[in-house]
Amino acid sequence: MAKGYWNIVGSISNPEGIGAYIVPFEAYLAKCNARFLCRELHTDVREGNPGHLTLIVEFESLAAAKQAYDSPEYQEMIKLREPHSQISLTILEEGDHAVH
């Protein structure tokens, strides 16, 4: 089965305030059997302006990635993050889905 991923890019505007989100976020990912493939606070951006933060989180499947995001528990956690950051989160599935 193909893995699912959260691809997160953005900026943290209040590093002290984001702590209230990070601790439950890490525990939540562990509960979801997800793992960080990449966690970078000083991304070397060569094109565009996605921000200094990049995270890639791996889930067992695309369905698991979507379910983790859509859960009421995670939706509540978003409220802890939003005042302290600006991010873009996309959910994608392992593989080349742009084949012609």
Side-chain angles (χ1 to χ4, degrees):
M1 177 179 297
K3 304 279 186 178
Y5 299 90
W6 286 3
N7 181 52
I8 303 166
V9 296
S11 298
I12 297 171
S13 56
N14 180 2
E16 293 155 5
I18 200 79
Y21 167 78
I22 291 173
V23 173
F25 177 63
E26 289 177 348
Y28 180 69
L29 292 179
K31 184 171 118 177
C32 294
N33 295 318
R35 69 183 186 110
F36 288 107
L37 292 183
C38 175
R39 182 165 37 173
E40 178 60 61
L41 295 177
H42 304 287
T43 301
D44 181 2
V45 177
R46 300 294 174 109
E47 294 188 34
N49 188 24
H52 63 271
L53 170 71
T54 301
L55 301 172
I56 301 172
V57 182
E58 181 182 69
F59 292 83
E60 295 173 353
S61 66
L62 179 62
K66 288 179 178 182
Q67 182 178 12
Y69 183 83
D70 292 336
S71 76
E73 183 177 357
Y74 185 69
Q75 292 302 304
E76 283 298 311
M77 271 188 261
I78 290 172
K79 295 174 187 174
L80 298 173
R81 186 198 72 232
E82 285 182 330
H84 310 291
S85 66
Q86 181 67 37
I87 70 154
S88 173
L89 186 153
T90 55
I91 299 175
L92 42 112
E93 184 177 39
E94 177 181 32
D96 184 355
H97 301 281
V99 176
H100 302 336

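Keep in mind that this is a model prediction, so the values were computed, not measured.
- Summarising the geometry, atom CZ belonging to Arg39 is positioned 13.0 Å from atom CD1 belonging to Ile56; distances are rounded to the nearest 0.5 Å.
- More than 12 heavy atoms of other residues, nucleotides or ligands lie within 6.0 Å of CD in Gln75, so this atom counts as buried by the packing criterion.
- When all heavy atoms of Gly51 and Thr43 are compared, the pair lying nearest together is O-CB, 4.2 Å.
- Using a distance-only test at 3.5 Å, with no hydrogens or angles considered, no donor-acceptor pair links the side chain of Trp6 to the main chain of Leu89.
- Summarising the geometry, atom NZ belonging to Lys3 is positioned 13.0 Å from atom CG belonging to Leu62; distances are rounded to the nearest 0.5 Å.
- When all heavy atoms are compared, the tightest approach of Tyr28 to Gln67 is OH-O, 4.4 Å.
- By the 4.5 Å heavy-atom criterion applied to side chains, Phe59 and Leu29 are counted as neighbours.
- We find the CG-CG distance between Leu37 and Asn7 to be 10.5 Å, quoted to the nearest 0.5 Å.
- In this structure, Glu93 and Tyr5 have side chains that are not in contact, with every pair of non-hydrogen atoms separated by 4.5 Å or more.
- Heavy-atom contacts from other residues, nucleotides or ligands closer than 6.0 Å to NE2 of His97 number more than 12.
- A pairwise comparison of heavy atoms in Ser61 and Ala64 identifies OG-N, 3.0 Å as the closest pair.
- At a threshold of 4.5 Å between non-hydrogen side-chain atoms, the residues Pro24 and Leu80 count as touching.
- With sequence neighbours excluded, the residues forming a side chain to side chain contact (heavy atoms under 4.5 Å, CB included) with Glu60 are Asn33, listed by chain and number.
- Rounded to the nearest 0.5 Å, atoms OH (Tyr69) and OG1 (Thr90) are 11.0 Å apart.
- Annotation for Gln86: atom CD does not count as buried by contact number, only 12 or fewer foreign heavy atoms lying within 6.0 Å.
- Closest heavy-atom contact between Ser85 and Ser13: N-OG, 3.8 Å.
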Exercise. Show your working on side-chain contact (heavy atoms from CB on, under 4.5 Å) between Ile12 and His52 and close with a plain yes or no.
Key: CA-CA 8 Å; Ile12 297 171; His52 63 271; 4.1 Å; yes

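- Residues Phe36 and Ile91 share a single hydrophobic cluster, defined by chaining ILVMFWY side chains whose heavy atoms lie under 4.5 Å apart.
- Closest heavy-atom contact between Gly17 and His84: O-CD2, 3.4 Å.
- Ile87 and Arg81 get closest at one heavy-atom pair: CD1-CZ, 3.4 Å.
- For the pair Leu55 and Phe25, the minimum side-chain heavy-atom distance is below 4.5 Å.
- Taking hydrophobic clusters as Ile, Leu, Val, Met, Phe, Trp and Tyr residues chained together by side-chain heavy-atom distances below 4.5 Å, Leu41 shares a cluster with Tyr21.
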